[in-house]
S.K.: 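Handing you this structure, nothing more for now.
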There are 2 protein chains.
Amino acid sequence: MTGRFKPRIAPRPLDAVVRRMRTLALLSEQEQDLVRNLSDRRERHMAGEELVGEGQTGRRARFVVSGWACNQRVLPDGRRQIFGFLLPGDCFNVCERPAPPALCSTVALTALETVDAEPLLEAANRGEAPSLARALAVARQVEQALLLDHMVRLGRQTAYERVAHFLLELQRRLEIAGLGDSQRFPLPLTQEILADALGLSIVHVNRTLQQLRRERLIELRSGVAILLQPDLLASISDFRPTTPTNALRRPA
Amino acid sequence: MTGRFKPRIAPRPLDAVVRRMRTLALLSEQEQDLVRNLSDRRERHMAGEELVGEGQTGRRARFVVSGWACNQRVLPDGRRQIFGFLLPGDCFNVCERPAPPALCSTVALTALETVDAEPLLEAANRGEAPSLARALAVARQVEQALLLDHMVRLGRQTAYERVAHFLLELQRRLEIAGLGDSQRFPLPLTQEILADALGLSIVHVNRTLQQLRRERLIELRSGVAILLQPDLLASISDFRPTTPTNALRRPA
DNA sequence: CGGGGGTTTGACGAACGTCAATCGGGGTGG
DNA sequence: CCACCCCGATTGACGTTCGTCAAACCCCCG
């Protein structure tokens with residue numbers, strides 16, 4: 001880490017994005033540079049800030065560069081359902097232009113950094129970046145898969161299974177983004193957020209986490225999660241790694 | 001209804017499909033005929049038949065012409081989650097070609113009739129049917145919206161609210177397809193299917209329906225549902241009619 | 001008349017939510 | 001440096017919702 005020479009512009013910050021895209025399709029060098037050069041039009045958001053409002057139109061495609069966000073909807077009586085999380089490397093507002101009204105709001109959960117991804121869409125639409133176009137399509141497919149996984153958790157899994165399954169999902173996604181290893185990853189979520197994602201009460205999330213700790217399946221300290229027995233967690237929660245990396249790639 | 005002359009080919013059967021598409025975009029006469037002329041390549045399926053297997057590739061876009069189907073996933077221990085229902089007029093397997101692996105399986109719940117919709121996609125891709133292309137895009141958006149509604153039900157609503165909300169959704173969709181009125185519609189689902197959709201047990205679905213009947217909110221007899229007090233049901237379940245018909249249409 | 005799938009009912013228990021109090025750590029102003 | 005404070009985590013007691021098991025019922029059909 002000590003002063004290694006970096007010839008290219010904009011070295012580190014978009015690392016997660018490039019990494020992520022490369023797991024989705026085989027990007028050419030030019031395509032990778034296209035991504036790395038997005039660094040302008042960066043934006044910073046504070047935790048709690050709403051990035052996209054429900055029903056909002058004219059949204060521009062963006063990447064999360066650092067920090068966490070979520071898609072959610074809030075009922076009039078205050079109940080909240082979180083549909084999914086946006087991690088570094090994830091894109092949002094990627095759809096046909098002009099973008100239709102947003103189906104839910106997107107909210108920053110931590111300090112957050114994003115970049116405009118429209119230049120990529122334009123290049124892709126002009127046919128200049130076929131693999132990139134494909135990567136974005138696959139990203140949407142993965143997003144959809146995660147949504148269905150989440151729905152199974154909510155509808156047909158117990159609290160215990162839900163938490164285990166969800167932690168495994170985060171582990172995989174964060175490892176792909178280069179932000180964790182096969183067991184350890186940052187988890188900057190309050191138990192209230194977990195509860196609203198998993199369809200549980202705060203108290204019950206707490207107890208479920210306690211149980212997983214007691215059974216030496218996980219550790220959880222100061223924003224870091226450690227999966228002590230990932231395989232056991234996977235069999236407990238019927239976790240099947242969709243997209244083990246490139247599973248969705250087109251053959252040729 | 002007694003022998004009114006119908007000049008065009010293939011009169012009735014695709015009515016639901018045309019109706020549905022017309023609520024999604026303003027179709028030209030040619031575009032409507034394009035839809036109506038799909039009648040070839042019709043296919044019949046029996047209840048229980050799997051139309052699409054999880055992970056299946058090379059799927060072709062299709063419309064449901066009559067009957068009901070659902071998207072679902074089954075866990076190894078037999079638990080099942082139904083993600084949503086396909087009603088007459090709905091399309092499935094509509095996505096960029098070549099189609100990525102299916103994220104869940106699609107199963108016929110009743111005797112079912114479908115038609116191949118690929119000709120429409122091709123015409124749309126050739127730029128020959130812009131409004132149709134738009135209608136298909138909106139259809140996907142609506143499908144996504146229904147998915148999120150369903151997730152809110154599963155994660156944050158009580159059994160009572162879930163059933164009420166779900167019945168209202170069906171009422172709206174079936175009325176659009178021309179298969180029901182503002183209160184009455186066919187409901188060819190067993191309580192087991194309802195349970196697997198709503199994340200409940202059969203017994204609890206039964207009791208919830210009993211309660212709704214006792215309170216004179218609904219009637220349910222021999223495959224027909226009647227919403228006696230739709231407004232009350234809506235306020236009970238916080239039902240907000242997304243897409244009150246054409247809400248998602250592009251301004252110009 | 002018998003059978004089978006779907007519905008209904010009751011009794012019971014487990015999972016999960018609610019309420020309320022306490023704890024604990026990091027930040028902040030005095 | 002310390003007292004305070006606030007938010008989030010934790011714990012206990014208790015109530016409700018919902019699931020499970022099992023039996024009865026109902027209706028359509030052969």
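This one's a predicted model, so the numbers in the text were calculated from it and none came from an experiment. Order of the sequence lines fixes the chain letters, A, B, ..., with proteins taken first and strands second; residue numbering starts at 1 for each chain.
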S.K.: Among A:R173, A:R62, A:R19, whose salt bridge (Lys or Arg N to Asp or Glu O under 4.0 Å) with A:D90 holds?
M.R.: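 Among the candidates, only A:R173 passes.
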S.K.: With heavy atoms under 4.0 Å as the rule, sort B:L200 into base, sugar-phosphate or nothing.
M.R.: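 Sugar-phosphate: the residue B:L200, judged by heavy atoms under 4.0 Å, touches backbone atoms but no base.
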S.K.: How are the rings of A:F85 and A:F166 set relative to one another: parallel (under 30°), tilted (30 to 60°) or perpendicular (over 60°)?
M.R.: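 Rings of A:F85 and A:F166: tilted, as their planes differ by 30° to 60°.
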S.K.: So, is B:N206 close to the C:dT8 phosphate, meaning a side-chain N or O under 4.0 Å from OP1 or OP2?
M.R.: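 For B:N206, the contact criterion (side-chain N or O under 4.0 Å from OP1 or OP2 of C:dT8) is met.
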S.K.: Starting at atom NE2 of A:H204, determine the distance to atom C1' of D:dC14, rounded to an integer number of angstrom.
M.R.: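 The answer, rounded to whole Å, is 15 Å.
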S.K.: Can any side-chain N or O of A:R156 pair as donor or acceptor with the backbone N or O of B:L200 at less than 3.5 Å?
M.R.: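 Checking the backbone N and O of B:L200 against the side chain of A:R156, a donor-acceptor pair under 3.5 Å is found.
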S.K.: In whole angstrom, what separates A:R221's CZ from C:dG26's P?
M.R.: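 Computing the A:R221:CZ to C:dG26:P distance gives 13 Å.
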S.K.: Quick one: does B:Q72's side chain get under 4.5 Å of B:C104's, heavy atoms only?
M.R.: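 Result no, sub-4.5 Å side-chain heavy-atom pair not found.
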S.K.: Strictly below 4.0 Å: does A:R213 bring a side-chain N or O up to OP1 or OP2 of D:dT10?
M.R.: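 True: A:R213 side-chain N/O within range (under 4.0 Å) of D:dT10 OP1/OP2.
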S.K.: Using atom CD of B:E161 as one end and atom P of D:dT17 as the other, report the distance to the nearest whole Å.
M.R.: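 That distance rounds to 11 Å.
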S.K.: Identify which nucleotide among D:dA9, C:dA20, C:dT9 has an atom closest to any side-chain atom of A:Q191, counting heavy atoms from C-beta outward.
M.R.: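 Looking only at heavy atoms from C-beta outward on A:Q191, the closest nucleotide is D:dA9.
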S.K.: Whole angstroms only, please: what is the CG-C1' distance between B:L189 and C:dT7?
M.R.: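 Between C1' of C:dT7 and CG of B:L189: 15 Å.
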S.K.: When the distance from CG of A:L194 to P of C:dG17 is rounded to whole Å, what number comes out?
M.R.: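 In whole Å, C:dG17 P and A:L194 CG are 13 Å from each other.
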S.K.: Say whether, by atom type as modelled, one donor and one acceptor occur between the side chain of B:R41 and the main chain of B:D116 under 3.5 angstrom.
M.R.: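 Checked: no pair found.
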S.K.: B:L198 CG to D:dT17 P: how many Å, rounded?
M.R.: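 After rounding, the gap between these two atoms is 18 Å.
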S.K.: Using a 4.0 Å heavy-atom cut-off across all strands, classify B:G223 as base, sugar-phosphate, or nothing.
M.R.: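 Here B:G223 touches no strand at all.
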S.K.: Any base atoms under 4.0 Å from B:I202, or only sugar-phosphate, or nothing? Heavy atoms, all strands.
M.R.: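 Touches nothing.
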S.K.: Verify the contact: side-chain N or O of A:Q210 to OP1 or OP2 of D:dA9, cut-off strictly under 4.0 Å; return yes or no.
M.R.: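 Result: no.
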S.K.: Figure out the CD/P separation between A:E192 and D:dT10, and round it to whole Å.
M.R.: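 Result: 14 Å.
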S.K.: What contact category does A:S201 fall into here, base, sugar-phosphate, or nothing, at under 4.0 angstrom with non-hydrogen atoms?
M.R.: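 Base contact.
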S.K.: Quickly work out the A:R207 CZ to D:dT11 P distance and round it to whole Å.
M.R.: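 For the pair A:R207 CZ and D:dT11 P, the rounded distance is 9 Å.
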